[in-house]
A.B. asks: 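First the structure, which I've put down as structure tokens, then a few questions once you've had a look.
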Amino acid sequence: MSLVLYNDLTRTKEPFIPVRKGHVGFYSCGPTVYDYFHIGNARPFIVFDVLRRYLEYSGYTVTFVQNFTDIEDKMIARANREGITVRQLADRFIGEYYKDADALGVRRANHNPLATEHMDEIIGLVSTLIEKGHAYEADGDVFFDVSSFPKYGALSKQSLEELQSGARIEINERKKHPLDFALWKAKKEGEPSWPSPWGEGRPGWHIECSAMSMKYLGETLDIHSGGTDLTFPHHENEIAQAEAATGKPFVKYWIHNGYLLIDKEKMSKSLGNFLTARAALEKFPARAIRFFMLSAHYRSPINFSEESLLQAKSAMERLDNCWSDLGHAITNRKKGERTEGNETAALFPALEEKFRAVMDDDFNTAAATGVLFDGVKTVNTYLKESDLPDPAVLEAAETFFRKLDSVMGILPPEASGEEGESAGIEKLIAERNEARKRKDFSRSDEIRDELAARGIVLEDTPEGTKWKKKG
RNA sequence: GGCGGCAUAGCCAAGUGGUAAGGCAGAGGACUGCAAAUCCUUUAUCCCCAGUUCGAAUCUGGGUGCCGCCUCCA
């Protein structure tokens with residue numbers, strides 16, 4: 001088995017074969033850093049983080065690039081409103097991006113290029129396009145000439161005529177074709193600008209991704225991802241810019257995630273129906289948010305709701321219980337225990353194989369969560385039925401969870417031992433167990449309630465009383 | 001108008017020809033001083049109609065409903 005990906009360019013699932021054997025160049029469109037990102041924006045960050053991790057799990061060396069758009073209309077508008085520079089605004093929200101993305105368990109990219117730091121590459125690309133007759137200057141603006149690029153519309157499967165007929169774009173007299181788009185915008189009053197062969201100005205939005213992705217990943221990328229709303233025009237334009245300039249295929253696999261909906265409607269800043277990732281993180285554990293995102297296929301729309309997140313949270317608690325029970329069993333294992341658990345131990349590699357199979361099929365994280373919980377069930381059943389667990393089973397189980405978690409990133413973090421607190425809790429538990437021996441249940445329940453008020457949950461098991469923090 | 005997506009149990013959601021994964025919630029049982037956790041049992045003929053097929057949630061045609069893109073947007 002090997003990975004098969006749904007390629008939006010061909011609208012079919014295709015075997016994944018990278019340009020360079022063993023290596024993957026992966027570019028994902030990043031945020032415009034004019035505000036906190038919302039939970040809908042978080043979807044691609046999380047799902048493509050998982051795809052990247054899966055590629056690494058599968059043995060590829062991945063170069064993952066995600067840009068920050070730091071010069072753009074909304075950036076300028078907000079900076080002016082707040083009386084700060086665009087650069088200051090960008091610095092601020094890049095910092096905020098990392099806070100939230102880190103909290104969500106999104107691994108950092110290998111490169112996070114900024115448009116404003118790649119003016120040479122951008123201007124170089126625009127110059128090439130003009131030289132090759134694919135772009136033209138008009139009063140300090142430079143436009144891409146869509147009619148010079150026959151493949152235009154290949155990604156969105158629309159002809160120029162079809163695209164135009166439904167278009168709601170403003171007529172611009174200086175454009176040769178209504179769908180021509182800006183590569184370079186002449187400076188306006190109150191806007192940051194950079195020198196260029198066409199005068200002072202700033203880059204259009206689409207050009208930065210073409211220029212920066214090719215700089216870091218070469219002229220043909222393996223994977224380019226983003227939200228499905230970027231298919232047109234953003235990604236269509238990226239293809240036009242890159243391929244008109246290089247004459248080579250720009251991207252082998254285009255993948256787009258479905259929207260996150262709220263009240264059955266797309267969550268977006270312009271609709272005003274958004275919840276920032278930060279606000280979501282205050283309400284729900286990050287791992288529950290990740291699990292929620294992974295519980296549906298990445299191309300399907302998912303509906304964000306309080307109920308869905310609470311369900312995800314409960315599912316995580318089940319995983320936590322299993323993981324902590326497994327940890328207890330491992331910590332407390334004794335020498336000379338049984339070693340006849342081979343059959344059970346063998347279940348885990350088989351489950352991992354299943355995980356691999358479903359993930360290889362266009363990255364089916366929803367099915368993968370099923371496999372994860374098959375593992376949970378297997379562990380729970382084994383621990384219940386086995387008084388003296390076979391270390392081989394425990395190790396196989398732990399390996400299974402760690403391997404899957406290297407991709408999904410939803411296991412609880414390692415318990416941080418706050419020494420003093422633990423000792424105090426242990427003491428109370430001992431006192432409670434004394435009371436239970438005396439059958440002084442009112443005292444023992446009092447202690448349990450006291451701990452519960454501190455978020456400590458007790459479990460009486462044949463091996464003694466366990467405690468854990470309730471998240 | 002063009003392009004595209006979705007419709008599976010109370011809720012979330014896999015499954016694309018051989019009689020429905022997984023999670024949440026519910027019910028009954030086991031265990032427990034009571035709990036908690038866990039285990040066992042239990043809860044669906046897959047939007048509707050017609051067709052193809054020995055056989056369809058899965059293919060074809062038609063219908064209904066919902067959503068998105070074609071403008072900034074993950």
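Chain A is the first sequence line, chain B the second, and so forth, proteins listed ahead of strands; every chain is numbered from 1. Just so you know, these numbers come straight off a predicted model, no measurement behind them.
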A.B. asks: Contact class for A:Pro233 (heavy atom, under 4.0 Å): base, sugar-phosphate, or nothing?
C.D. replies: sugar-phosphate
A.B. asks: Tell me what A:Lys466 touches on the nucleic acid: a base, only sugar-phosphate, or nothing, going by heavy atoms under 4.0 Å.
C.D. replies: nothing
A.B. asks: With a 4.0 Å cut-off on N to O distance, would you call A:Arg432 and A:Asp445 a salt bridge?
C.D. replies: no
A.B. asks: Do any of residues 445-453 of chain A sit with a heavy atom less than 4.0 Å from RNA chain B, and if so which?
C.D. replies: A:Asp445, A:Arg448
A.B. asks: Please name the nucleotide paired to B:A20 by Watson-Crick or G-U wobble geometry with both distances under 3.5 Å, or report none.
C.D. replies: none
A.B. asks: Classify A:Asn380 by what it touches in the nucleic acid, base, sugar-phosphate, or nothing, heavy-atom distance under 4.0 Å.
C.D. replies: sugar-phosphate
A.B. asks: Rounded to whole Å, how long is the line connecting atom CZ of A:Phe304 with atom P of B:C67?
C.D. replies: 20 Å
A.B. asks: With a non-hydrogen cut-off below 4.0 angstrom, is A:Leu271 in contact with a base, only sugar-phosphate, or nothing?
C.D. replies: nothing
A.B. asks: For the C1' atoms, the ones on B:U41 and on B:G55, what distance do you get once it is rounded to whole angstrom?
C.D. replies: 31 Å
A.B. asks: So does A:Asn364 get a side-chain nitrogen or oxygen closer than 4.0 Å to the phosphate oxygens (OP1/OP2) of B:G15?
C.D. replies: yes
A.B. asks: Both distances under 3.5 Å, Watson-Crick or G-U wobble: report the partner of B:G68, or none.
C.D. replies: B:C3
A.B. asks: Hey, does A:Phe232 reach any base, or is it just sugar-phosphate, or nothing, if we go heavy atoms under 4.0 Å?
C.D. replies: sugar-phosphate
A.B. asks: Answer with base, sugar-phosphate or nothing: what part of the nucleic acid does A:Ser300 contact at a heavy-atom distance below 4.0 Å?
C.D. replies: sugar-phosphate
A.B. asks: If you go through the side-chain atoms of A:Asp460, does one of them form a donor-acceptor pair with the base of B:C34 closer than 3.5 Å?
C.D. replies: yes
A.B. asks: For a quick check of understanding: with a heavy-atom distance under 4.0 Å over all strands, which category does A:Leu458 fall into, base, sugar-phosphate or nothing?
C.D. replies: base
A.B. asks: In terms of side-chain geometry, is the basic nitrogen of A:Glu72 or A:Arg202 positioned less than 4.0 Å from the acidic oxygen of its partner?
C.D. replies: no
A.B. asks: Report yes or no: is there a donor-acceptor pair, N or O only, under 3.5 Å between the side chain of A:Lys377 and the base of B:C39?
C.D. replies: no
A.B. asks: Quick one: is B:A36 close enough that its OP1 or OP2 comes under 4.0 Å of any side-chain N or O from A:Trp467?
C.D. replies: no
A.B. asks: When the nearest nucleotide of RNA chain B is assigned to A:Pro44 and to A:Ala296 on a heavy-atom basis, which residue is associated with the more 5' position?
C.D. replies: A:Ala296
A.B. asks: Contact class for A:His38 (heavy atom, under 4.0 Å): base, sugar-phosphate, or nothing?
C.D. replies: base
A.B. asks: Assess whether a salt bridge exists between A:Glu82 and A:Arg78, defined as any Lys/Arg side-chain N lying under 4.0 Å from an Asp/Glu carboxylate O.
C.D. replies: yes
A.B. asks: Check this one for me: any side-chain N or O of A:Lys437 less than 4.0 Å away from OP1 or OP2 of B:G33?
C.D. replies: no
A.B. asks: Can you find a side chain N or O atom of A:Arg318 that sits less than 4.0 Å from OP1 or OP2 on B:G23?
C.D. replies: yes
A.B. asks: Does A:Arg78 reach a base, just sugar-phosphate, or nothing at all? Heavy atoms under 4.0 Å.
C.D. replies: nothing
A.B. asks: In the strands shown, is B:A57 matched to any nucleotide by a Watson-Crick or G-U wobble pair with both distances under 3.5 Å, and which?
C.D. replies: none
A.B. asks: A:Ser270 near the nucleic acid: base, sugar-phosphate alone, or nothing, with a heavy-atom cut-off under 4.0 Å?
C.D. replies: base
A.B. asks: Assign A:Gly226 to base, sugar-phosphate, or nothing according to its heavy-atom contacts below 4.0 angstrom with the strands shown.
C.D. replies: sugar-phosphate
A.B. asks: Would you classify A:Arg11 as touching base, sugar-phosphate or nothing, given that sugar-phosphate means primed atoms plus P, OP1 and OP2, and contacts are heavy atoms under 4.0 Å?
C.D. replies: sugar-phosphate
A.B. asks: Heavy atoms only, 4.0 Å cut-off, all strands: where does A:Asp374 land among base, sugar-phosphate and nothing?
C.D. replies: sugar-phosphate
A.B. asks: Suppose you measure atom P in B:C3 against the same atom in B:G62; what distance do you get, rounded to whole Å?
C.D. replies: 14 Å
A.B. asks: Hey, does A:Phe441 reach any base, or is it just sugar-phosphate, or nothing, if we go heavy atoms under 4.0 Å?
C.D. replies: base
A.B. asks: Per the atom types in the model, does the base of B:C11 pair as donor or acceptor with the side chain of A:Gln311 at under 3.5 Å?
C.D. replies: yes
